[in-house]
Amino acid sequence: MNLGGLSPDKAPPVEAPLTLFYLMPFFLGLAGLALAWQGDQVLASRWAPAALATTHFLVLGALAPVMCGALLQMAPVLLGTPYPRVRLVARLTAAGLGLGGVLIGGGFLFTRPGLLLSGGFVAIAGLLVFLAGSYRALRVASGRRETLWAVRLAALALAVTIALGLTLAMVRYGWLELPQHLRWIDMHVAWGLAGWIGLLLAGVGMEIIPLFYITPAFAVRLKRLLPLALSALLLLVFGLPGFAASLSQSLWQGLVAALFVVHLLYNANALYVEQRRQRPRRDANLWLWQFSHLAVFAAFFAWVVDVSNSLVGILLLGGALSFVVGSLMKILPFLTWLDLQQRRVAGGHMQVSLPRLRALLPEGLANAVALTLGAAMIATLCGAMVPYLTIPGGILLMACAALLAYALARAAMIRRRVIAQFALPGRCSGGV
Amino acid sequence: MSFQETLAAQHRACDAEFAKIEQAAHRRDWVAAANAAQAFIDDTELHFHYEEQTLFPAIEMATPMATGPTSVMRSEHAQMRELFDELRDAIGRHDASALADAADTLLLVMQQHNVKEENVLYPMADRTVAHSLLVRLEGRKGVA
């Protein structure tokens with residue numbers, strides 16, 4: 001029996017996930033800048049340098065660090081085991097994603113192959129550290145079977161996405177030739193979006209949505225079958241380049257439809273249980289989660305009516321961002337509070353009262369983050385009809401990034417102030 | 001019935017009682033909120049009492065290396081008891097904002113605690129502790 005996750009000295013230090021969380025506002029800001037500057041190109045084609053740069057800023061710099069950080073923090077609870085050498089894993093993963101994200105985005109934006117490739121290697125190095133830690137943690141994990149499989153298969157999907165990304169970078173600059181090169185790009189996108197991001201968010205979502213809002217449980221069959229169904233469909237994607245181009249295209253459409261159906265089942269079930277939650281209040285987290293579920297439905301609709309691939313991409317990435325930012329609004333104040341509470345008990349500073357969650361992240365600030373993110377997404381989508389609207393879309397995304405940076409910095413400053421109070425004898429209030 | 005099934009069902013029952021506090025406060029019905037809080041705290045205390053007095057000592061006896069984890073569980077019970085006081089205090093002052101704050105904190109502490117117990121400790125108890133202890137639990141008043 002693995003008791004690692006419950007050992008008092010094995011709880012991950014709060015600095016580990018925070019190191020990764022701090023990357024998000026910076027990269028959201030960069031994506032907003034690229035959108036405001038070259039938004040028309042982002043919407044014109046998914047192959048446009050600005051579109052590729054924005055996508056990689058969001059995926060590598062904003063989504064991946066928070067997903068990795070949250071996994072490091074939740075592992076002892078959800079997987080029953082901590083990550084080994086969690087501080088080192090967090091720092092190296094953050095360094096790889098931070099530097100790699102900037103280089104890759106810059107490489108696409110300014111068409112510099114050297115930047116793109118070196119960024120690719122740096123980001124891969126960081127993610128490999130995370131995957132190595134995940135492998136050691138998941139090998140001995142003892143959580144719920146469905147969650148374990150979702151996390152394991154999502155980690156595998158990340159490894160495949162990385163390998164495909166590196167292969168594509170080599171093809172792009174003529175170092176390697178592949179038949180049906182565009183199909184390999186589709187595979188990279190499918191494994192990254194439906195596998196790594198989609199599977200992890202759905203697997204963790206089915207666990208935490210009922211806990212946070214006291215909802216009915218998700219359908220047992222969905223929990224069991226979702227990771228397996230997605231993995232099987234993604235494996236089939238590998239067979240596509242072996243068929244003639246026209247047949248391969250038809251099969252690809254069928255597989256995308258099937259991947260959408262699996263994700264729609266999860267999102268429909270999520271909306272259903274959230275609607276039947278026992279907690280009456282709505283908060284920024286719930287708004288963002290529901291926005292993300294609806295974005296997946298909208299993406300499916302956009303794909304069916306064949307408006308544009310860019311629009312489908314914006315909806316799916318925006319949906320993932322909404323879920324991750326929403327979760328961050330919940331996790332940030334709680335982790336900060338929990339860290340202070342553990343220090344308070346360990347140091348015997350029971351006379352110091354702790355700041356409340358709403359002092360660590362005021363409701364108005366969380367709502368402002370949610371509102372600017374939602375507005376940025378809607379303005380960018382409207383840019384498909386009125387192109388200049390991508391400019392306010394980008395500016396709103398930068399505003400969201402600034403608010404998020406302020407929220408993170410504010411919580412860090414309050415935490416530091418309370419820790420300083422622990423060192424002072426006779427102080428009775430850490431409340432803010 | 002196993003420890004896992006019985007005690008996890010108690011967690012869900014306590015969750016439902018917790019939600020009734022927020023529902024009453026949402027309607028600004030402070031009498032109902034106070035009653036719901038008392039029912040929630042009483043049942044949760046019964047659950048804690050069984051774990052601290054019966055289950056954890058039995059687990060520690062069967063698996064001495066589990067002493068660290070059970071002490072973490074006990075300290076999380078203490079954290080929750082502190083938050084019970086904040087909850088009662090906010091209801092007493094009819095302070096909806098303070099209640100929402102205390103409730104958010106308590107729910108997160110409670111849920112991560114429950115998941116750890118359900119993922120690790122209860123399956124371990126099912127393997128190592130005699131189910132005769134469970135019979136005594138099922139006979140107690142007020143617990144599922």
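All of these numbers come straight from a predicted model, not from anything done at the bench. All chains are named by letter (A, B, ...) in the order of the sequence lines, taking the proteins before the strands, and each is independently numbered beginning at 1.
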Could you grab the distance from atom CZ of Phe334(A) to atom CG of Leu107(B), nearest 0.5 Å is fine?
9.5 Å

Are side-chain heavy atoms of Ser97(B) and Arg358(A) found at a separation under 4.5 Å?
yes

If you count the non-hydrogen atoms of other residues, nucleotides and ligands that lie under 6.0 Å from CZ in Arg88(B), is the total more than 12?
yes

Using a cut-off of 6.0 Å, state whether more than 12 heavy atoms not belonging to Arg74(B) lie near its atom CZ.
yes

What part of Ala25(B) gets closer than 4.5 Å to chain A, counting heavy atoms only: side chain, backbone, both or neither?
neither

Going through the checks in order, is the side chain to side chain contact (heavy atoms under 4.5 Å, CB included) test met by Leu108(B) and Trp337(A)?
CA-CA 11 Å; Leu108(B) 290 173; Trp337(A) 180 87; over 6 Å; no

Answer yes or no: is there a side-chain heavy-atom contact under 4.5 Å between Leu338(A) and Gln79(B)?
yes

Contact summary for Gln23(B) and Gln278(A), nearest pair of heavy atoms
NE2-O, 2.8 Å

Give the member of Arg277(A), Glu207(A), Gln341(A), Met74(A) that has the highest number of heavy-atom pairs under 4.5 Å with chain B.
Gln341(A)

Give, for atom CG of Asn119(B) and atom OG1 of Thr147(A), the distance between the pair rounded to the nearest 0.5 Å.
7.5 Å

May I ask you to name which of Ile21(B), Thr128(B), Asn114(B), Asp15(B) has the most heavy-atom pairs under 4.5 Å with chain A?
Asp15(B)

What pair of heavy atoms forms the shortest contact from Lys116(B) to Pro76(A), and how long is it?
CG-O, 4.2 Å

Between atom CG of Leu357(A) and atom OG1 of Thr105(B), what is the distance when rounded to the nearest 0.5 Å?
3.0 Å

Below 4.5 Å from any heavy atom of chain B, which atoms of Arg344(A) appear? Answer side chain, backbone, both or neither.
side chain

What part of Ala102(B) gets within 4.5 angstrom of chain A, counting heavy atoms only: side chain, backbone, both, or neither?
neither

Atom group of Leu211(A) that falls short of 4.5 Å from chain B, counting heavy atoms:
both

Sidechain N-carboxylate O distance under 4.0 Å for Asp104(B), Arg279(A)
yes

To the closest 0.5 Å, what do you measure between CD (Glu17(B)) and CD1 (Ile214(A))?
11.0 Å

